[in-house]
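Accompanying notes for the structure given below.
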Amino acid sequence: MLKLLFAKQCKILLPTLIFSIITILPIKVEGKQLLLATTTSTDNTGLLDYLAPMFTKVAGIELKWVATGTGKALKLGENCDCDVLMVHAPSSEKNYLEAGFGVNRRHVMFNDFVIIGPDSDPAGISKQGLCSALKKIAGEKYIFASRGDNSGTNKKEISLWQQCTDQTPELQQWYLQTGQGMLATINLAVERKGYTLTDRGTLIKFAANSKGSVPLKIMVEGDQSLLNQYSVIEVNKARCPKVKNDLARQFGDWLVSMEGQKAIGDFRLLDKQLFIPNASAE
Amino acid sequence: MEFILEGLVKACQLLVQGDRETYSAIFATVKVSSISMTVSLLLGIPLGYLLGYLSFPGKKGVRTVVDTMLALPTVFIGLVVYAFISSRGPLGEAGLLFTLTGIAIGQCILALPIVIALTATSVESLDRVLRLTLKSLGASPLQIFMTSIWEARMGLLIAATTATGRVLTEVGISMMVGGNIKWHTRTITTAIAMETSKGQFATGIALGLVLLIMAFTINLALSTLRRRV
Amino acid sequence: MEDILRLHKVRHQYNGRTVLDIPDLKIGRGSIVGLAGPNGSGKSTMLKILSLVEKCSHGTLFFENKAITPFAKGARHLLTFLPQETYLLKRSVFDNISYGLKIRGQKKELSLCVAQALELVGLSSSFAERQWSELSGGEAQRVALAARLAIKPACLMLDEPTVSVDMESARNIRRAILLARQEWGTTLVISSHHQSWLNDISDRIVYLYNGRLLDYSYKNVLLGPWEKFSDELFVVKMTDGQLLYASKPPKAGSSGVIAPKDIRISSSPSFGNEKNISGFVTGIFADNNPDSLCIHVVCGDQQFIVNIAVHAFQIAEIRPNQKVSLTYNPKDIVWLA
């Protein structure tokens, strides 16, 4: 009776219903999955897009990743919302392990940070030492773009300010905190003709995106303090019973294996190597 | 300027060449918005009907709450849903963070007030005599409900269109709850946000055009439906 | 006659105000009961209660000697109501008329039933294809009536069915109502301001005033609004242009009654303190009193019932359709409120 009464409605409702069911159905058909929380640099450069299929092929595990700043990634692990971390803020990482949030930290690779700025170099910091360059920028109040998102790069940058000027330029007119990823921050530096600190990998990616014609040049590089170490950390199963620690372990093992290390070393963009594997160190 | 043109060209390329990443994002968007719209229509229409049809003490208060919820910012919904479904949150056991289901929950919270408020309004604006007429013809309460909903179908279509528009274009919930995971929870809007933050404006614009085409198609379908019924 | 509907100790209130108060009213099976009374007297409310659209706040409605309430199984499919402002579903005429049949579970012969219902109200079966928006006011009213007739109701309540329809529609509605009674023995309760139309169609008229039944079924009810004519006299203009005089009413909208014995009927007007009004004889009936007769006279759309002694009737030579004068004293009109 209902069918008869609402025959007209059915004509419209039925296709809608079928459509909804079709789209809803396949939602829970998934295999082994590992959730990685990582920094924007590994995602933005395309390294993970390159590594993930290799890892899946070897281990039969699908790798999913959330790319945020190192700070947020560490927080996700603390909240048991991911299985494994790949981050680059050594001092925070050590505290993190001490607090029992993560276990089994292993070095994976490094690249280095560079300070970049406009071609014209208004502050005249090109080829200067790291600290004198930063002091000049602060002294002359040139625009400096900061991630300001508690990421690994941001933490490194703050430690450099502390090291060279004994303070962070918080609340300064010329100190712009974007709160966004590295590429967005470089973009801001370009638009505002300012300086910024970036990892070399992301800079190469930025150059690739802008078809090689980068309006920013490397001003400072090669200082020992500018080393950028990436590590893999497993989320502590003792705290978070639901995390897939066995899968996380397999991922970490693969990254530091001969095969994983070779893969990282082979990753190139614009014919440049972005990351240098160093699992054997430390 | 050139990246706008480039975006146009790229949009066509992505769509025509069947770019896997783009189609994955389109599929995720379609899937998650279908779920959230189905749920919010199934819940929202009966609730909106009751709100518009019944008079009870405190009705005005409920109306005010629903109307206020129309203005809920998506990032706030995203934050609250995140807090609830994070492993450390009260619903952490379900493992919904970084899944499409999680996004759908947030989008339901976004769409439900719209569906309820607009349904209630269109039910309220139905002729009083309709109820009298149906009752006089011997209809049961369920039959009165079904027929009233059908009589208010124009208003309901508008409610559905409005809510779909919001759900389709929101980015706060998808980003915070979904995490923009490639091949999984990357929707068109989060992909746009990401591409823009990477400085890939052309890809961002291309995806934006894709979203525009989707929204346009849905609106066209609904307005054709409106003319037919 | 067996009762099909009965209102027992019914009191109905809106926001604490009593709008209907009926100690007892019985409606016989197959009868046509007219419901008269001024606006706001409770006619619509009574019809809604009788047709289970509204629940009375106190008291009981009996249908075939069983107490029933709205949504009662069985009864709700047998009683129906045509409201004054009709509403058509935003669908075709066919869907409107077959709606009642569908919710009763009927699947077969819908087209036949719809065509029959349309024919009853004097519309051709081609109307079934029209959309709700393609009808005139009178057609919409007739389609709404057809939707009620299609379900072959045991009782049909009609609220002002002839208001705002053209003459032809009014005639068609009357014909449909009478056919329904003839075909299925439908009991009808009809409210109307159209007094002569109502007198003509009804077996019995019930007057409502301020929600109460008036025991004035044999008196002539005169409805306002009254206009001031002179210091003492007030008038109401009838549809044929004649003036009906009365003493000062309590309110402009008041209703008055005049007893049949207070009106004199003759073939020519008489003058003095009394007033005259002319009309046509529509019927001559026996009275309860064997020595007198009851004569129905129509002036415009107002019907008067007049008593005349048998011997006077013979002298006056009153015939049906004859033009007569009614003579009355305005002071004899008694105000109801």
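Quick note on labels: first sequence line is chain A, next is B, and so on, each numbered from 1.
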Let's test your reading of the structure: which of A:D49, A:T68, A:T185, A:I186 forms the most heavy-atom pairs below 4.5 Å with chain B? A:D49
Can you list the residues that meet the salt bridge (charged side-chain N to carboxylate O under 4.0 Å, His left out) rule with A:K75, with sequence neighbours excluded? A:E78
Rounded to the nearest 0.5 Å, what separates atom OG1 in B:T196 from atom CD in A:Q180? 9.5 Å
Within residues 233-249 of chain A, the residues sitting under 4.5 Å from chain B by heavy atom, in sequence order, are A:R239, A:K242
Return the option, out of B:R186, B:E93, B:M37, with the maximum number of heavy-atom pairs under 4.5 Å with chain A. B:E93
Testing the basics here: between A:C80 and B:S87, what is the closest heavy-atom pair and its distance to 0.1 Å? O-OG, 2.8 Å
Considering only heavy atoms, which portion of B:M194 lies under 4.5 Å from any heavy atom of chain A: side chain, backbone, both, or neither? side chain
For A:L35, which atoms come within 4.5 Å of any heavy atom of chain B: side chain, backbone, both, or neither? side chain
Shorter than 4.5 Å, heavy atoms on both sides: which option in A:L188, A:V190, A:L76, A:T40 has the most such pairs with chain B? A:L76
Counting heavy-atom pairs under 4.5 Å with chain B, which one of A:D43, A:N79, A:L48, A:N44 comes out on top? A:N79
Residues in residues 191-204 of chain A that sit under 4.5 Å from chain B, counting heavy atoms only: none
Considering only residues two or more places apart or on different chains, which pairs with a residue in residues 80-110 of chain B satisfy ring-ring contact (aromatic ring centres under 6.0 Å, His included)? none
Heavy-atom neighbours of B:Y23 OH exceed 12 at 6.0 Å: yes
Which portion of A:D81 sits near chain B, non-hydrogen atoms under 4.5 angstrom: both
Residues, nucleotides or ligands: over 12 heavy atoms within 6.0 Å of B:K10 NZ: no
When the 4.5 angstrom heavy-atom criterion is applied to B:L97 and chain A, the contacting part is side chain
